[in-house]
Participant: 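Right, I'll just put the structure down here and ask away after.
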Protein chains: 2
Amino acid sequence: MTVASRAILIVEDEPQLRRMLRTLLELENFRVVEAENAERGLAAARSHKPDLLIVDLGLPDRDGTELIQEVRAWSRVPIIVLSARTDEANKVGALEAGADDYITKPFGARELRARLQVALRHATSSAAAGSALRIGDWHIDLKARSARAGDGRELHLTPTEYRLLEVLAQHIGLVVTHRALLTQVWGPGSAQQTQYLRVYMKQLRGKLEPDPARPRWLLTDTGVGYRLALRD
Amino acid sequence: MTVASRAILIVEDEPQLRRMLRTLLELENFRVVEAENAERGLAAARSHKPDLLIVDLGLPDRDGTELIQEVRAWSRVPIIVLSARTDEANKVGALEAGADDYITKPFGARELRARLQVALRHATSSAAAGSALRIGDWHIDLKARSARAGDGRELHLTPTEYRLLEVLAQHIGLVVTHRALLTQVWGPGSAQQTQYLRVYMKQLRGKLEPDPARPRWLLTDTGVGYRLALRD
DNA sequence: CGGTATCTTTACGACATTTTAATGCCGTGC
DNA sequence: GCACGGCATTAAAATGTCGTAAAGATACCG
């Protein structure tokens with residue numbers, strides 16, 4: 001299984017904005033939980049233990065800042081505030097209550113995405129584990145470039161093997177075309193060299209798959225590309 | 001909520017804004033270092049090792065985003081970007097390069113203060129710098145620059161050997177790239193001199209490893225860098 | 001000034017990784 | 001059944017990187 005898909009809780013009363021956020025986040029491969037007021041948001045934060053919260057300040061039942069304080073009483077989960085209010089007092093209040101970032105509406109999708117990455121980067125860097133992958137017995141940390149099994153065995157991957165796995169992991173569960181893999185791993189000029197892929201996929205399977213002849217994680221989509229399977 | 005005076009580096013070309021920031025930060029009990037362009041900013045970041053960087057994107061000599069990338073090659077110090085540019089591409093570029101926050105001018109003093117606190121909060125929560133190290137029989141105190149074995153034997157390391165070990169220890173368990181090691185140990189102009197690393201790693205292994213030909217602590221990641229293994 | 005420790009530079013063999021090439025396999029369509 | 005395209009597999013060649021030793025340069029200290 002892979003931990004790549006992380007959960008995000010959206011606390012926002014406007015259904016329209018909520019839907020937009022969900023679409024946006026799901027495109028980025030996050031799991032999404034929604035809550036339409038502070039009360040339910042708090043409950044959802046407790047029960048779902050999401051990896052990040054997106055909170056609107058203007059909620060119908062309580063002020064978003066209060067919600068942040070309550071969550072901070074027991075969790076350090078990253079919190080990003082969305083708000084139409086541009087006045088400084090609100091920003092400062094939310095940030096001092098424990099929010100990690102404050103984005104004013106209207107905002108662009110790319111900015112939100114970038115700020116999400118920053119917030120998650122902080123969370124994972126302090127928890128030591130980077131982007132963790134599990135393939136068979138192997139626990140792979142792409143950022144730390146380390147791979148070990150539960151029993152302590154270590155596995156060595158070469159730079160190209162890491163890059164290839166990284167690209168596949170970025171689109172986990174989805175097919176990545178030959179062309180995309182080649183340009184991202186070997187550079188823009190290498191789009192024709194599909195033999196590289198065969199050689200390296202074989203290498204990776206030999207190292208990672210329990211039975212390399214019957215791949216369970218590194219799958220071939222004939223005529224299209226390769227795909228890293230998503231499993232439990 | 002004043003913390004033991006921490007240093008902040010301001011990289012900003014407008015003298016007026018620089019003065020304003022200095023005043024503001026000194027009121028908050030920070031020590032302030034200034035640089036008026038990217039080149040000097042990079043040098044100051046290396047020599048002063050500030051606890052946080054405030055960087056303007058519109059610098060006279062180079063783009064601020066480049067500066068961020070260069071600093072990120074060897075350091076995780078929090079970086080806050082100040083910019084008059086409100087367009088999304090700039091924000092996203094800076095954040096993806098490794099900035100932790102992005103504030104658009106004009107901004108209020110209280111907002112800056114709140115965002116500073118957030119950035120520093122992240123840094124301290126993930127800080128875990130112990131200066132004691134154990135490699136094989138050797139107990140090494142990086143701060144005191146001493147190394148002893150259990151039975152009292154002493155080991156002498158040269159200044160460069162200590163610095164190299166220090167950098168590796170700061171990222172214990174993780175690969176440190178050639179570039180990062182060279183810029184931190186030999187200075188920013190030495191990023192190409194990978195032969196230094198080979199020579200000094202051999203020295204260190206000869207002194208620290210029980211069997212220098214089969215390193216157990218000072219490991220090579222061919223084509224990437226070196227890493228100090230994390231054991232027991 | 002001479003001696004010692006440290007740092008820099010060079011060269012080459014050993015080793016790791018990437019690239020190239022050749023062969024066999026399997027399914028599809030003719 | 002046969003030819004073909006796409007993929008898997010293998011091994012060897014080519015390239016790149018590392019470890020090693022040793023000599024030259026520089027700084028340091030009495």
Side-chain angles (χ1 to χ4, degrees), chain A residues 145 147 154-168 175-187 189-227, chain B residues 145 147 154-168 175-187 189-229:
Chain A
R145 307 177 76 95
E154 273 211 39
L155 177 64
H156 179 73
L157 300 181
T158 70
T160 307
E161 287 163 2
Y162 267 113
R163 263 179 295 160
L164 182 55
L165 201 54
E166 218 163 13
V167 176
L168 288 168
V175 196
V176 187
T177 63
H178 296 141
R179 190 189 181 78
L181 286 169
L182 287 164
T183 51
Q184 289 188 68
V185 176
W186 279 271
S190 320
Q192 313 302 325
Q193 313 289 91
T194 57
Q195 72 274 23
Y196 290 174
L197 289 176
R198 295 194 208 104
V199 172
Y200 273 89
M201 287 304 297
K202 160 108 176 85
Q203 296 265 90
L204 275 180
R205 282 168 174 159
K207 290 183 177 184
L208 297 171
E209 293 276 0
D211 178 3
R214 299 165 194 286
R216 294 183 49 193
W217 280 274
L218 298 163
L219 308 181
T220 304
D221 272 55
T222 302
V224 187
Y226 293 89
R227 154 171 73 98
Chain B
R145 308 224 144 178
E154 263 210 49
L155 177 63
H156 176 74
L157 299 181
T158 72
T160 306
E161 287 163 2
Y162 268 114
R163 262 181 295 161
L164 183 54
L165 200 54
E166 216 163 15
V167 177
L168 288 168
V175 192
V176 187
T177 63
H178 296 139
R179 187 191 171 79
L181 287 168
L182 287 164
T183 48
Q184 286 185 89
V185 177
W186 280 271
S190 320
Q192 314 301 325
Q193 313 290 95
T194 57
Q195 71 273 23
Y196 291 174
L197 290 175
R198 299 205 291 276
V199 172
Y200 273 87
M201 286 303 297
K202 167 146 170 65
Q203 298 266 90
L204 275 180
R205 282 169 174 159
K207 291 183 177 184
L208 297 171
E209 293 275 0
D211 178 3
R214 297 164 191 286
R216 294 184 50 193
W217 280 274
L218 298 164
L219 307 181
T220 304
D221 267 56
T222 303
V224 185
Y226 293 89
R227 114 186 109 97
L228 182 55

Participant: Whole Å only: how far is the CG atom of B:L164 from the P atom of C:dT6?
Facilitator: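 Nearest whole value for this atom pair: 15 Å.
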Participant: Counting neighbours of CZ on A:R163 that are heavy atoms of other residues, nucleotides or ligands and sit closer than 6.0 Å, is the number greater than 12?
Facilitator: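 Counting neighbours around CZ of A:R163, more than 12 heavy atoms of other residues, nucleotides or ligands fall under 6.0 Å, so yes.
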Participant: Can you tell me if the side-chain N/O atoms of B:R198 get under 4.0 Å from OP1 or OP2 in D:dT20?
Facilitator: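 So the side chain of B:R198 is outside the cut-off, no N or O lying under 4.0 Å from OP1 or OP2 of D:dT20.
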Participant: Verify side-chain contact (heavy atoms from CB on, under 4.5 Å) between A:Y226 and A:T220, making sure each step is shown before the conclusion.
Facilitator: CA-CA 5 Å; A:Y226 293 89; A:T220 304; 3.5 Å; yes
Participant: In terms of side-chain heavy atoms of B:Y200, which of C:dT8, D:dC18, D:dA8 is nearest?
Facilitator: C:dT8
Participant: Whole angstrom is fine here: how far is it from OH in B:Y162 over to C1' in C:dT6?
Facilitator: 15 Å
Participant: Please tell me if A:K202 has a side-chain N or O lying less than 4.0 Å from either OP1 or OP2 of D:dT10.
Facilitator: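 Looking at the OP1 and OP2 atoms of D:dT10, one of them is under 4.0 Å from a side-chain N or O of A:K202.
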Participant: Quick one: B:Q195 CD to D:dA21 C1', roughly how many Å, whole number?
Facilitator: 15 Å
Participant: Below the 4.0 Å mark, does C:dT17 have OP1 or OP2 next to a side-chain nitrogen or oxygen of A:H156?
Facilitator: yes
Participant: Specify the separation, in whole Å, of atom CG of A:L182 and atom C1' of C:dT19.
Facilitator: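 Going from CG in A:L182 over to C1' in C:dT19 covers 13 Å.
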Participant: Can a side chain N or O of A:H178 be found less than 4.0 Å away from OP1 or OP2 on D:dG6?
Facilitator: no
Participant: Report the distance from atom CG of A:D211 to atom P of D:dT9, rounded to the nearest whole Å.
Facilitator: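 Computing the A:D211:CG to D:dT9:P distance gives 10 Å.
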Participant: Less than 4.0 angstrom between a side-chain N/O of A:Y196 and OP1 or OP2 of C:dT18, yes or no?
Facilitator: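 No, because none of the side-chain N or O atoms of A:Y196 sits under 4.0 Å from OP1 or OP2 of C:dT18.
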Participant: Quick check for you: to the nearest 0.5 Å, what is the distance between A:H178 atom NE2 and A:R198 atom CZ?
Facilitator: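 Taking NE2 in A:H178 and CZ in A:R198, the distance rounds to 7.5 Å.
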Participant: Angle between ring planes, A:Y196 versus A:W186, binned at 30° and 60°: parallel, tilted or perpendicular?
Facilitator: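 Rings of A:Y196 and A:W186: tilted, as their planes differ by 30° to 60°.
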Participant: Using a 4.0 Å heavy-atom cut-off across all strands, classify B:T194 as base, sugar-phosphate, or nothing.
Facilitator: nothing
Participant: Below the 4.0 Å mark, does D:dT17 have OP1 or OP2 next to a side-chain nitrogen or oxygen of B:T222?
Facilitator: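 Answer no for this pair, as no side-chain N or O of B:T222 is under 4.0 Å from OP1 or OP2.
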Participant: Tell me: CD of A:Q203 to C1' of C:dT17, nearest whole Å?
Facilitator: 9 Å
Participant: Any donor and acceptor pair, going by atom type alone, linking the side chain of B:R205 with main-chain N or O of B:P212 inside 3.5 Å?
Facilitator: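 Not confirmed, B:R205 side chain does not pair with B:P212 backbone.
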Participant: Can you tell me if A:T158 touches the phosphate of C:dT18, counting only side-chain N or O atoms and a distance under 4.0 Å to OP1 or OP2?
Facilitator: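 For A:T158, the contact criterion (side-chain N or O under 4.0 Å from OP1 or OP2 of C:dT18) is met.
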Participant: Would you mind reading off the distance between B:L204 atom CG and D:dC18 atom P, rounded to a whole angstrom?
Facilitator: 16 Å
Participant: Just call it for A:Q193: base, sugar-phosphate, or nothing, with non-hydrogen atoms closer than 4.0 Å on any strand.
Facilitator: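 Sugar-phosphate, backbone atoms only, no base.
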Participant: Using a cut-off of less than 4.0 Å, is there contact between a side-chain N or O of A:T220 and OP1 or OP2 of D:dC7?
Facilitator: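 A:T220 to D:dC7 OP1/OP2: no side-chain N or O under 4.0 Å.
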Participant: Measure the distance from CD on A:Q192 to P on C:dT20 and round it to the nearest whole Å.
Facilitator: 14 Å
Participant: Mapping B:V199 and A:T160 to their closest nucleotides on DNA chain C, which lands nearer the 5' end?
Facilitator: B:V199
Participant: With the side chain of B:Y226 defined as its heavy atoms from C-beta on, choose the nearest nucleotide among D:dA21, C:dA21, D:dG19.
Facilitator: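 From the listed options, D:dG19 comes nearest.
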Participant: For the pair A:Y162 (side chain) and A:R145 (backbone), establish whether a donor and an acceptor sit closer than 3.5 Å, ignoring hydrogens and angles.
Facilitator: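 Checking the backbone N and O of A:R145 against the side chain of A:Y162, a donor-acceptor pair under 3.5 Å is found.
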Participant: OP1 or OP2 of C:dT19 versus the side-chain N and O atoms of A:W186: is any pair under 4.0 Å?
Facilitator: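 Checking A:W186 against C:dT19: at least one side-chain N or O falls below 4.0 Å of OP1 or OP2.
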